[in-house]
2 protein chains.
Amino acid sequence: MNKKKASLKDIAQKAGVSTALVSYVLNGKEKESRVGEEIAARVRQIAIDLNYQPNYLAKSLRSGRTRTLGLIIADISNPFFANIARIVEDEAKKNDYTVIIGSSDEDADKSWDLINVLINRQVDGFIIVSSEHTEEQIQYLKNRNIAFVLLDRYFPDIDTDYVALDNYQAAYQAGMHLVEGGYQHVGFVAYRSQLFHMRERIRGYVDALGGSEAGYCAEWLTEVEFTNVDLEVRAGIDLMLAAEKPIDALIFATYRLAISGLKYINELGLNVPDDLAIVSFGQAEAFDLYYCPITYLQQPMEALGKTSVDVLINKLKDPQQERKQILMEANLIARNSSKIKVLVD
Amino acid sequence: MNKKKASLKDIAQKAGVSTALVSYVLNGKEKESRVGEEIAARVRQIAIDLNYQPNYLAKSLRSGRTRTLGLIIADISNPFFANIARIVEDEAKKNDYTVIIGSSDEDADKSWDLINVLINRQVDGFIIVSSEHTEEQIQYLKNRNIAFVLLDRYFPDIDTDYVALDNYQAAYQAGMHLVEGGYQHVGFVAYRSQLFHMRERIRGYVDALGGSEAGYCAEWLTEVEFTNVDLEVRAGIDLMLAAEKPIDALIFATYRLAISGLKYINELGLNVPDDLAIVSFGQAEAFDLYYCPITYLQQPMEALGKTSVDVLINKLKDPQQERKQILMEANLIARNSSKIKVLVD
DNA sequence: AACGATTGCTTAAACGATTAAGCAAGGGGC
DNA sequence: GCCCCTTGCTTAATCGTTTAAGCAATCGTT
């Protein structure tokens, strides 16, 4: 009981050979290194007997590679990120990589901390869901030649690998779906953020309404702070309902916003979709459970997660890889919350 | 651009001293090691200039400690575990530890794999939410003298540290709440599992109904497989509704079961709580959003997560620590889904 | 003036692996 | 019999740190 871990040295001693030979055998380099068959067999057996497990620290120190990836997300307790994390974990494991996850809380400082901690832990590369104002960090990684791929969000002005959603088309699709369903006054709740994916969602929504000249009205757009979601969502919904042309439909730009908004809509006693139709980005059990199932933009989570890992690992294998900039399409799942409007004449 | 990382050696060379001295200075051991003030200042400045970041691999290899904890949970994409993971991550970071999370899918083999991978990665200790049939793994960790603490679930027959819920009292409380609310035929949906926490929940429920002699009826208990939740939950609910004494209230033993069950209850067109009152373990946004807010047993997530980290870290500091076996109480949050039954005479 | 104590630094081993280079013995060809 | 090639192994450096031990030089005491 309580045996210390066996090292190469222990095996070497027991077999009466050098550690080098043991290393060759256990790494399957017996052929190249001309190790005798008998001694190789003996070494292998002793390794099994001693339950030898290589020390990754030593391996990594020597090789300069840890087979570890850093995954930086906003918050692991958010279902969207938790799902992504799970997919990334699984895909990484398939390739013999381990993942270390860090939550940035959409905070640039925390994100810096995480990046530094993970660099010190010698991760081989990063998968990053960028927060606002982290352009500098991305540039730093580029300059230091550290491998990374941006996931779900990217900066159009910085040339990087990324795997993300085509947010413009997704939002456009959501808007058109409501417009075609007969809704005239479609609101949109977004985060107040300069992040490109958020701007794209807003742009897609505005374009779907035909722009300012046609159907879009500035009062219908609410932008809320990350740090004060519940209160600002309430205020925004109040405003949009009290607008000159009150909204009859509402799109939420993220899952969190939708949860917050739907709670308030329940409180107000509004009926979905008769009083207010709803479409949301993201998917979640909560949407299925709602009395009126929520129409949502299904994101290709599996593909996003897997692809980001694959892109990163390929880059680690061959740093000269050409840039991979991948956009995926969201899939609108239409349900009762946005059913075709019955016109009351 | 693309500077290689600076090592102690680089600093030493630039300062014209030995690496040992640099190490002393940067670790604040100048006093004990009698390093001159001037040279210390110079070394520190050079470290800053070169943006020196210590290599954790080397540190860890030398010290035998990685300041990394392994967290094994069933599934990071399950909100309960995602929440726990976030709390553990934060508490670990406060203590300068990094966490590596692994999902076992309630599968003993995957759990073994994770434990081995993490041991090879030299984690200092484990926080484990045990799956069924993993007693052997726990015993293995004990025998190898590897630090760990069980979280949320534990084995009464194995003497270990643990931090968990008092599941008996929680389930008893849920049962009594419904009984006192006038519900006579209370059903219970649990996992078919020998895991102690699940048996305790069932025991608490049965006792609340007064046991078999009094109010409890065996037809009201449904146990479903981890691997086939949706189908078996449906079948179970069908049976409980078709029983000789059909249920008028239902307790779900976990969040996942509740989500699955509520979907079906919606499909059946049953009204909560008039046709069927509901109480569930766990908390989730979905419960708030339901047309009739769901009564739930609020688990002290924050305390569970933090305490488990603290117990583990204390054990790492002083392996002779006495056993910590901590049970916490759940808090029943009563809402409309279990409101006092209006008797129809 | 001689001795021990203190100060300020260096040397070198160690953690556990990988791997280029080297060495000795045996075999084959001429 | 000599040379070279192959076979089968070892030696030793290396990755970046920590830390016990050692070594000069200076200081204070008597």
Side-chain angles (χ1 to χ4, degrees), chain A residues 3-44 46-47 50-68 96 119-124, chain B residues 3-44 46-47 50-68 96 119-124:
Chain A
K3 310 201 176 162
K4 272 260 130 303
K5 279 194 60 172
S7 70
L8 280 191
K9 213 180 185 176
D10 299 324
I11 300 180
Q13 259 162 15
K14 202 156 185 190
V17 298
S18 70
T19 62
L21 191 147
V22 177
S23 172
Y24 289 134
V25 171
L26 298 183
N27 286 298
K29 306 216 172 146
E30 345 170 5
K31 288 276 131 59
E32 305 94 294
S33 304
R34 306 163 310 200
V35 177
E37 282 196 25
E38 270 181 61
I39 199 88
R42 204 162 87 236
V43 164
R44 259 190 297 269
I46 295 177
L50 295 184
N51 185 31
Y52 171 72
Q53 305 285 135
N55 182 322
Y56 268 76
L57 292 178
K59 262 179 138 79
S60 298
L61 179 58
R62 183 73 224 271
S63 66
R65 10 192 46 282
T66 52
R67 291 197 87 79
T68 303
D96 278 318
I119 287 179
N120 290 353
R121 300 237 166 206
Q122 320 292 128
V123 297
D124 290 342
Chain B
K3 307 200 177 161
K4 273 261 124 314
K5 278 195 61 171
S7 69
L8 281 190
K9 212 176 177 177
D10 299 323
I11 300 180
Q13 259 162 16
K14 202 156 186 190
V17 298
S18 70
T19 62
L21 191 147
V22 178
S23 172
Y24 289 134
V25 171
L26 298 183
N27 287 295
K29 307 217 171 145
E30 344 170 7
K31 288 277 131 59
E32 304 95 294
S33 303
R34 306 163 308 197
V35 177
E37 282 196 26
E38 271 181 61
I39 199 85
R42 203 162 88 237
V43 164
R44 259 190 296 270
I46 295 178
L50 296 183
N51 186 30
Y52 171 72
Q53 306 286 134
N55 183 322
Y56 268 75
L57 292 177
K59 262 179 139 75
S60 298
L61 179 59
R62 181 73 227 267
S63 66
R65 14 194 47 278
T66 53
R67 291 197 88 79
T68 303
D96 277 318
I119 287 179
N120 290 353
R121 301 237 165 205
Q122 320 294 126
V123 297
D124 290 342

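Below, chains carry the letters A, B, ... as their sequence lines are ordered, and counting in each starts from 1. Computed from a predicted structure; not experimentally measured.
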Report task. Starting at atom CD of A:Glu38, determine the distance to atom P of D:dG8, rounded to an integer number of angstrom. Result -> 10 Å

Requested in this report: Evaluate whether atom CD of B:Glu32 has more than 12 neighbouring non-hydrogen atoms of other residues, nucleotides or ligands under 6.0 angstrom away.
Outcome: yes

Requested in this report: Using whole Å, report how far CZ of A:Arg65 lies from C1' of C:dG16.
Outcome: 19 Å

Report task. Check the distance between D:dA21's P and B:Glu32's CD and give it to me in whole angstrom. Result -> 16 Å

Query raised in the report: Given atom CG of B:Leu21 and atom P of D:dA21, what is their separation to the nearest angstrom?
Result: 19 Å

Query - D:dT10 OP1/OP2 closer than 4.0 Å to side-chain N/O of A:Ser18 - result: yes

Query raised in the report: Are A:Lys29 and C:dT19 close enough that a side-chain N or O sits under 4.0 Å from OP1 or OP2?
Result: yes

Report summary line: When B:Ala40 and B:Leu61 are each assigned the nearest nucleotide of DNA chain C, the 5'-most assignment goes to B:Ala40

Report task. Indicate the atoms forming the closest heavy-atom contact of A:Asp124 with A:Arg67, along with that distance. Result -> OD2-N, 2.7 Å

Query raised in the report: Whom does D:dT30 pair with, Watson-Crick or G-U wobble, provided both distances fall under 3.5 Å?
Result: C:dA1

Query raised in the report: NA contact type, B:Leu57, heavy-atom cut-off 4.0 Å: base, sugar-phosphate, or nothing?
Result: nothing

Query - Separation of C:dT10 C1' from B:Gln13 CD (nearest whole Å) - result: 15 Å

Query raised in the report: When we call it a touch if two heavy atoms are under 4.0 Å apart, what does B:Ser7 touch: a base, just sugar-phosphate, or nothing?
Result: sugar-phosphate

**Report entry** Proximal nucleotide (of C:dC9, C:dT19, C:dA12) relative to the A:Ala20 side chain
**Finding:** C:dT19

**Report entry** Distance, rounded to the nearest Å, where A:Asn55 contributes CG and C:dG16 contributes C1'
**Finding:** 6 Å

Report task. Tell me which of B:Ala58 and B:Ser33 sits closer to the 5' end of DNA chain C, going by the nucleotide each one is nearest to. Result -> B:Ser33

Query raised in the report: Looking only at side-chain N and O atoms, does B:Lys9 come under 4.0 Å of OP1 or OP2 in D:dT17?
Result: no

Query raised in the report: Taking all atoms of both residues into account, what is the closest heavy-atom pair of B:Thr66 and B:Arg121, and its distance?
Result: CG2-O, 4.2 Å

Query raised in the report: Which value, rounded to the nearest 0.5 Å, describes the distance between B:Thr68 atom OG1 and B:Gln122 atom CD?
Result: 10.0 Å

Report task. Could you tell me the separation between the CD1 atom of A:Ile11 and the C1' atom of C:dG16, rounded to a whole number of Å? Result -> 12 Å

Query raised in the report: At what distance, to the nearest 0.5 angstrom, does CD of B:Glu30 lie from CG of B:Leu21?
Result: 9.5 Å

Report summary line: Of the listed D:dT17, D:dC9, C:dT19, the closest approach to the B:Lys59 side chain comes from D:dT17

Query raised in the report: Taking OH from A:Tyr24 and C1' from C:dA17, how many angstroms apart are they, rounded to a whole number?
Result: 12 Å

Query raised in the report: Does A:Tyr52 make a side-chain N or O approach to OP1 or OP2 of C:dA17 shorter than 4.0 Å?
Result: yes

